[in-house]
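Notes follow once the structure below has been shown.
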Amino acid sequence: MTVVTRFAPSPTGYLHIGGARTALYNWLFARHFPDGKFYLRIEDTDRKRSTQDAVDAIFDGLTWLGLDWDGDPISQFERADQHRAAAERLLAEGKAYKCYCSPEELAAMRDAARKEGRQRMYDGTWRDRDPAEAPAGVDPVIRLKAPLEGETVIDDLVQGQVTVANAQLDDMVLLRADGTPTYMLAVVVDDHDMGITHVIRGDDHLTNAFRQTQLYLALGWDRPQFAHIPLIHGPDGAKMSKRHGALGVEAYRDDGFLPEALRNYLLRLGWSHGDDEIISTEQAIEWFGLENVGKSAARFDLVKLTNLNGHYIREADNHRLVDLIMARLDTAYPGKLAKEARDRLFKGMAGLKERAKTISELSENASFYALDRPIQMTEKASQQLGSEGTGLLRELRSVLETADTWSDEALMATAREFAETGGRKLGAVAQPVRAALTGSTVSPSVFEIMDVLGREETLGRIDDALTGP
RNA sequence: GUCCCCAUCGUCUAGCCCGGCCUAGGACACCUCCCUUUCACGGAGGAGACAGGGGUUCGAAUCCCCUUGGGGACGCCA
């Protein structure tokens, strides 16, 4: 059997972190099989809340995450005719009926149900009532004539067997009064028509699966396999939704996270493969299976994501990192970048990348390479350049001016010799240099920096510090 | 309220289905030390959990029940 999955977001906002994980799992599961398919369906039947911006944000988010879908995205709205046809068929077969209840009546039923401790809201008023009694001028909705007795069972690939009494489920609306299909109908018809074999979605849809099962039965169609994955919770333990401040994936991109880090993090949040933590996408595709998805909700932990991001930054290609930070530096310091910026960043990247956990941090830490002289000095750095520091710097400058070899190692040897001659530790000499060269007290190795900057720029920056305010 | 689901270190989890190998393993975070020109990286240690109570069993983190706690769903939204 060919595996066919789908990601079916509603375009009412950005692609948030929970949706991203759902998409990832669907994608991974489909890609795990040689001929598996992963489709994208935009659930835009709610015309009032759906926007093209949101659709674009979903495309962008998925693309950035590296989750490619097969074929063209499907618009659920555009399939309304098929949805309607299914409802009409059910109506013709006597498996659905018209209901003329007003919103007020429905509200009263809901209140009564609550008060009596029932979950089932609609009381079936029009289920067997003669349509001849229909009030004039009222457009009816179409409801499914769902079974009143017995139970509905789903064998969920993650949750196991879950059973609910049919008495708990009321007759769901299939077609609204204006003739448009509801989500419940649209999902079932679309999943069937698209040949979806595995519905992998958040477990907030678990109860929908029962109603959808009733629909599949009524329509005489085979059900797909269901896999309801636990929701991602915020640090407070409650569902992480757009309404509760969950961020879109682009926010993580802007904050300097790498897509592979987010992918790895999201993968491990609720799924495991023994003790493995760092998992490449290739391995993930090979290993991923629904049987290893946990049943309990997980809390989103930004610190762990950050750690993972640091790992992937260290592993990332230097050219890619330079491109990423040049873009940021360009906007942070318009027109102020040195013409050697790119070359220096590339040369100094090895020392830079292991000191940053996010691209934004990397970019900030790298700015001293990219900017022209004179560089800004932090307060702490200025303190390194007191009378003692300045004196050492001046002495070292003359040594540096005549240094034979301008390389990382040679420079360090020179500085060490200079320090020891004066009975000092290397650090005493290195710190003022660091301040002069980077404007900071924290940076990669100062000798590496001198090497990257070159003699002229190094001496120039030292002079700036010596003659500065 | 009703229905459904969940429950191992602070967090993510392994182990659970097929009881003994568990004096419960890993990762992040935290603490100590080492490396070291700063900060990181890296390395070595440390502290840290089977929610509670009943069963079943020679033996339970693992099976059963109850309690408690948490979550989700109850729309002519998706």
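Side chains included, hydrogens not; waters and symmetry mates left out as well; all remaining heavy atoms used. Every chain is numbered from 1, with letters handed out A, B, ... down the list of sequences.
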request  = May I ask you to say what A:Val446 touches in the nucleic acid, namely base, sugar-phosphate or nothing, with a heavy-atom cut-off under 4.0 Å?
outcome  = base
Identity of whatever pairs with B:C50 - Watson-Crick or G-U, under 3.5 angstrom = none
query = ring pair (Phe, Tyr, Trp, His ring centres under 6.0 Å) between A:Tyr265 and A:Phe300: does it pass, once the steps are laid out?
reply = CA-CA 9 Å; A:Tyr265 178 71; A:Phe300 188 79; 5.4 Å; yes
ask   = With a cut-off of 6.0 Å (strictly less than), are more than 12 heavy atoms of other residues, nucleotides or ligands near NZ of A:Lys98?
value = no
ask   = Which of parallel (below 30°), tilted (30 to 60°) and perpendicular (above 60°) describes A:Phe29 and A:Phe288?
value = perpendicular
ask   = Is there a Watson-Crick or G-U wobble partner for B:C74 with both distances under 3.5 Å, and which nucleotide is it?
value = B:G1
message = For the P atoms, the ones on B:G45 and on B:C21, what distance do you get once it is rounded to whole angstrom?
response = 24 Å
ask   = Do A:Lys304 and A:Glu277 sit within salt-bridge range, that is, some charged N less than 4.0 Å from a carboxylate O?
value = yes
query = Are A:Arg299 and B:G10 close enough that a side-chain N or O sits under 4.0 Å from OP1 or OP2?
reply = no
query = Is there side-chain contact between A:Asp44 and A:Gln76, with at least one heavy-atom pair below 4.5 Å?
reply = yes
Side chain A:Ser443 and base B:U38 donor-acceptor under 3.5 Å = no
task = Round to a whole Å and report the spacing from OH of A:Tyr122 to C1' of B:U2.
result = 20 Å
key: B:G72 versus B:G46 - spacing of their P atoms, nearest Å   = 39 Å
key: A:Met412 vs A:Thr45, nearer the 5' end of RNA chain B by closest nucleotide   = A:Met412
query = NA contact type, A:His205, heavy-atom cut-off 4.0 Å: base, sugar-phosphate, or nothing?
reply = base
query = Between atom CG of A:Leu40 and atom CD1 of A:Ile74, what is the distance when rounded to the nearest 0.5 Å?
reply = 8.5 Å
request  = Mark yes or no for a side-chain to base donor-acceptor pair under 3.5 Å between A:Arg424 and B:U37, with no hydrogen or angle criteria applied.
outcome  = no
For B:C17, the Watson-Crick or wobble counterpart (both distances under 3.5 Å) = none
query = OP1, OP2 of B:C74 versus side-chain N and O of A:Arg114: anything below 4.0 Å?
reply = no
message = As a test of reading the structure: which of B:A7, B:U38, B:C3 is closest to the side chain of A:Ser296, going by heavy atoms?
response = B:A7
query = With respect to the side chain of A:Glu354, which nucleotide from B:G71, B:A40, B:A78 is positioned closest?
reply = B:A40
query = What interatomic distance, in whole Å, is found between C1' of B:C30 and the corresponding atom of B:A49?
reply = 16 Å
task = By nearest nucleotide on RNA chain B, pick out whichever of A:Ala165 and A:Leu106 is the more 5' one.
result = A:Ala165
request  = Determine the contact category for A:Ala177: base if any of its heavy atoms lies under 4.0 Å from a base atom, sugar-phosphate if only primed atoms, P, OP1 or OP2 are that close, otherwise nothing.
outcome  = base
query = With respect to the phosphate group of B:A14, does any side-chain polar atom (N or O) of A:Ser272 fall under 4.0 Å of OP1 or OP2?
reply = yes
message = Just N and O in the side chain of A:Thr12: are any of them under 4.0 Å from OP1 or OP2 of B:A78?
response = no
query = OP1 or OP2 of B:C41 less than 4.0 angstrom from a side-chain nitrogen or oxygen of A:Arg314, does that happen here?
reply = no
task = Name the closest nucleotide to the A:Ala430 side chain, picking from B:U37, B:C76, B:C39.
result = B:U37
key: Side-chain donor/acceptor contact of A:Asp203 with base of B:G72 under 3.5 Å   = no
note = The Watson-Crick or G-U wobble partner of B:A7, with both key distances under 3.5 Å, is B:U68
message = Taking B:A29 as the reference, what is the distance to B:C12 when you measure between their C1' atoms (whole Å, please)?
response = 11 Å
query = Out of B:C41, B:A78, B:C76, which has the shortest distance to the side chain of A:Asn208?
reply = B:A78
task = Measure from the side chain of A:Tyr183, starting at C-beta and using heavy atoms only, and say which of B:C5, B:C76, B:A78 lies closest.
result = B:A78
remark   = Of the candidates B:A78, B:C3, B:U13, the side chain of A:Arg268 sits closest to B:U13
key: Nucleotide of B:U2, B:U37, B:G75 approaching A:Gln168 most closely (side-chain heavy atoms)   = B:U2
query = Paired with B:C22: which nucleotide, if any, by Watson-Crick or G-U wobble criteria at under 3.5 Å for both distances?
reply = none
remark   = Out of B:G75, B:U38, B:C6, minimum distance to the side chain of A:Val442 belongs to B:U38
ask   = Any Lys/Arg nitrogen of A:Asp203 or A:Lys295 sitting under 4.0 Å from an Asp/Glu carboxylate oxygen of the other?
value = no
ask   = How is A:Thr180 classified with respect to the nucleic acid when contacts are heavy atoms under 4.0 Å: base, sugar-phosphate, or nothing?
value = nothing
query = Is A:Glu260 paired with A:Arg320 through a side-chain N to carboxylate O contact shorter than 4.0 Å?
reply = yes
message = Could you tell me how far B:A7 sits from B:G52 if I compare only their P atoms? Round to whole Å.
response = 15 Å
task = Would you mind telling me which of B:C76, B:G26, B:U37 lies closest to the side-chain atoms of A:Glu277?
result = B:G26
task = For B:C6 versus B:G42, give the span between their P atoms, rounded off to a whole number of Å.
result = 38 Å
request  = With heavy atoms under 4.0 Å as the rule, sort A:Pro230 into base, sugar-phosphate or nothing.
outcome  = nothing
Spacing of the C1' atoms in B:G55 and B:U62 (rounded, Å) = 15 Å
task = Taking only the side-chain nitrogens and oxygens of A:Lys357, find out if one of them lies under 4.0 Å from OP1 or OP2 of B:C41.
result = yes
task = State which of B:C41, B:C3, B:C12 makes the closest approach to the side chain of A:Lys304.
result = B:C12
query = Below 3.5 Å, does any donor atom in the side chain of A:Asn307 face an acceptor in the base of B:A27, or the other way round?
reply = no
ask   = Using atom C1' of each nucleotide, how far apart are B:U56 and B:A60 to the nearest Å?
value = 10 Å
query = Does CD in A:Glu379 sit with more than 12 non-hydrogen atoms of other residues, nucleotides or ligands closer than 6.0 Å?
reply = no
